[in-house]
Amino acid sequence: MNWNQCFARRTTQMKRSAVREILKVTSRPDIISFAGGLPAADLFPIPQVQAAVEAVFKRVGGQSLQYAETEGLAGLREWIARRLSSPHLSVHPENVLVTSGAQQALDLIGRVMLDAGDRVLVENPTYLALLSAWRPLGVEFVSAGSDQSGMRLDGLDELVLNKRPKLLYLVPNFQNPQGTTLSRSRRHELVAWLKANNVVAVEDDPYGQLRYDGESLPSLFELDAAIEPGTGLESQVIRVGSFSKILMPGLRVGWVAAARPVIEKLVQAKQAADLHTGSLNQYIVWELVQNGFLEEFVPLLCRTYRQRRDVMIASLQRHFSGLATWTQPQGGMFLLMTLPPEINATHLLPHALEQKVAFVPGEEFHLNGEGASTLRLNFSNARPEAIESGIARLAALVKRHH
Ligand code: PMP
């Protein structure tokens with residue numbers, strides 16, 4: 001059988017994620033990995049999860065193992081809606097859909113909003129798995145670029161002149177892969193621009209609570225959303241969140257918050273995709289969050305990751321001064337390093353793996369073939385001593401190739 005003739009045309013746009021392929025190698029214990037977006041496994045709260053499972057079985061028994069509503073566990077939706085509410089904005093559980101990770105929310109949004117030929121505005125570079133999710137839909141990605149303050153807005157008007165974009169996608173806090181954050185003034189400017197141009201934005205924010213310096217900034221969703229009489233919450237911003245980075249990714253629990261017509265369409269798409277997110281996993285998350293676990297756990301994550309970020313930046317200063325530049329993240333898990341233009345990060349990777357250090361080449365996060373000399377470095381997963389020796393090994397390697 002020639003299987004290539006059997007697959008749908010859209011599959012020609014699909015390929016394995018470079019990140020997930022590198023992760024297969026980097027799970028070996030002798031490798032120092034700056035590759036995945038992995039939380040620190042040594043911090044996973046195993047006893048608390050065990051206690052939560054027992055509490056759930058005691059309280060609801062087999063219901064936690066049964067089929068459940070597509071929309072998500074009512075109590076968890078309420079908790080998320082309360083978290084998103086403020087004195088000026090009351091978000092209703094009907095504005096929330098629980099998804100199998102934020103990744104599923106992004107996939108479903110693409111399926112219900114985008115047709116082939118639609119234009120999508122993104123940062124450059126942007127989240128690789130968003131490109132993978134939406135590329136097979138046949139959309140055209142365009143970018144006005146980004147800098148230290150996140151997505152650049154000065155070129156947007158020009159980009160919409162001859163063709164209105166269908167969606168704008170961005171990661172406003174501690175972006176993947178750059179670690180940069182959209183400034184407060186740009187948030188206000190962007191919300192006004194969305195309104196003026198009638199464009200919907202997808203605000204993907206899995207890292208927002210992992211802030212190590214500076215003040216926390218309002219989400220685009222809260223700046224934009226308003227309660228309208230009759231229709232309830234209206235917003236041109238669709239907000240996507242996740243428990244992956246603030247609890248654990250293996251449970252695959254994320255969420256999306258939006259105006260009700262959007263949630264209704266996403267529910268229809270989710271019914272076809274997987275019926276609902278795992279019941280027991282939702283119960284575990286709900287048990288943990290309603291008992292206030294995040295209030296102690298997120299500060300612990302922030303303390304640990306802040307120290308690891310500081311160790312990485314100090315090591316970079318020691319070993320890469322004058323040789324490379326890097327972004328200065330105020331939170332999250334990543335920074336993006338730029339090597340001299342003659343060094344190709346994809347070509348460097350096999351040599352780095354021989355030296356037992358791993359990273360993700362930045363090129364695939366970029367549009368238009370840019371970013372060949374960039375690499376994404378994760379600082380949350382490796383221990384401080386390993387970060388220092390990993391950066392030293394990388395610097396020795398780069399100096400040899402320079
Ligand atoms: N969005 C961004 C920007 C991410 O970095 C990630 C995880 N790497 C996701 C979404 C997906 O997260 P989840 O584990 O919740 O599916």
Side-chain angles (χ1 to χ4, degrees), residues 17-23 26 33-41 44 72 76 80 96-110 120 122-135 141 146 150-151 167-182 201-211 219-221 237-257 266 270 273-274 277-278 281-282 284-285 289 294 301 305 327 329 331-336 359-360 362 364-366 376-381:
S17 147
V19 182
R20 304 217 70 80
E21 290 303 295
I22 296 167
L23 280 181
T26 58
S33 178
F34 304 134
L38 303 189
F44 285 145
L76 185 58
I80 295 164
V96 176
L97 166 66
V98 178
T99 54
S100 301
Q103 188 64 32
Q104 186 186 44
L106 299 175
D107 181 59
L108 297 178
I109 292 166
V120 177
V122 290
E123 294 156 281
N124 190 20
T126 189
Y127 173 46
L128 173 59
L130 181 282
L131 296 174
S132 313
W134 291 0
R135 201 171 260 142
F141 292 105
S146 45
M151 183 181 245
L167 283 182
L168 179 149
Y169 166 84
L170 83 172
V171 182
N173 295 313
F174 325 125
Q175 195 236 22
N176 182 358
Q178 298 179 99
T180 45
T181 294
L182 190 69
V202 177
E203 174 179 49
D204 182 13
D205 188 20
Y207 303 104
Q209 291 186 57
L210 300 177
R211 177 176 274 283
S219 69
L220 299 172
F221 178 77
V237 179
I238 301 173
R239 183 161 167 76
V240 174
S242 177
F243 292 99
S244 287
K245 315 294 179 177
I246 51 171
L247 277 180
M248 49 229 119
L251 292 179
R252 312 301 306 126
V253 181
W255 50 265
V256 51
L266 292 173
K270 184 167 166 68
D274 68 350
T277 296
N281 293 4
Q282 293 188 67
I284 294 170
V285 169
V289 298
L294 287 179
L301 292 177
Y305 295 169
T327 55
M333 297 185 169
F334 306 107
L335 57 81
L336 193 76
F359 58 83
V360 178
E364 287 199 52
F365 295 83
H366 285 77
R376 189 190 74 175
L377 298 179
N378 165 272
F379 53 76
S380 58
N381 187 242

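As the structure lists them, so they are numbered: ligands from 1, and atoms in each ligand from 1. Heavy-atom basis, side chains included; hydrogens, waters and symmetry copies ignored.
- Under a 3.5 Å cut-off, the side chain of Ser146 and the backbone N or O of Asn124 do form a donor-acceptor pair.
- Of the possible polar contacts, none joining the Asn173 side chain to the Thr181 backbone as a donor-acceptor pair under 3.5 Å is found.
- With sequence neighbours excluded, the residues forming a side chain to side chain contact (heavy atoms under 4.5 Å, CB included) with Gln209 are Arg83, Ile246, Val298, listed by chain and number.
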For ligand 1, output the ligand-protein N/O contacts shorter than 3.5 angstrom; if there are none, return none.
| from | atom 1 | to | atom 2 | distance (Å) |
| --- | --- | --- | --- | --- |
| ligand 1 | 1 (N) | Asp204 | OD1 | 3.4 |
| ligand 1 | 1 (N) | Asp204 | OD2 | 2.6 |
| ligand 1 | 5 (O) | Asn176 | ND2 | 2.9 |
| ligand 1 | 5 (O) | Tyr207 | OH | 2.5 |
| ligand 1 | 8 (N) | Lys245 | NZ | 3.4 |
| ligand 1 | 14 (O) | Ser244 | OG | 2.6 |
| ligand 1 | 14 (O) | Arg252 | NH1 | 2.8 |
| ligand 1 | 15 (O) | Ala102 | N | 2.7 |
| ligand 1 | 15 (O) | Ser242 | OG | 2.6 |
| ligand 1 | 15 (O) | Ser244 | OG | 3.1 |
| ligand 1 | 16 (O) | Ala102 | N | 3.1 |
| ligand 1 | 16 (O) | Gln103 | N | 2.9 |
| ligand 1 | 16 (O) | Arg252 | NH2 | 2.7 |

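- Listed for the Asn378 side chain is a donor-acceptor partner under 3.5 Å among the backbone atoms of Asn381.
- Using a distance-only test at 3.5 Å, with no hydrogens or angles considered, no donor-acceptor pair links the side chain of Glu203 to the main chain of Val171.
- Within the 3.5 Å criterion, the main-chain N or O of Gly179 finds no donor-acceptor partner in the side chain of Tyr207.
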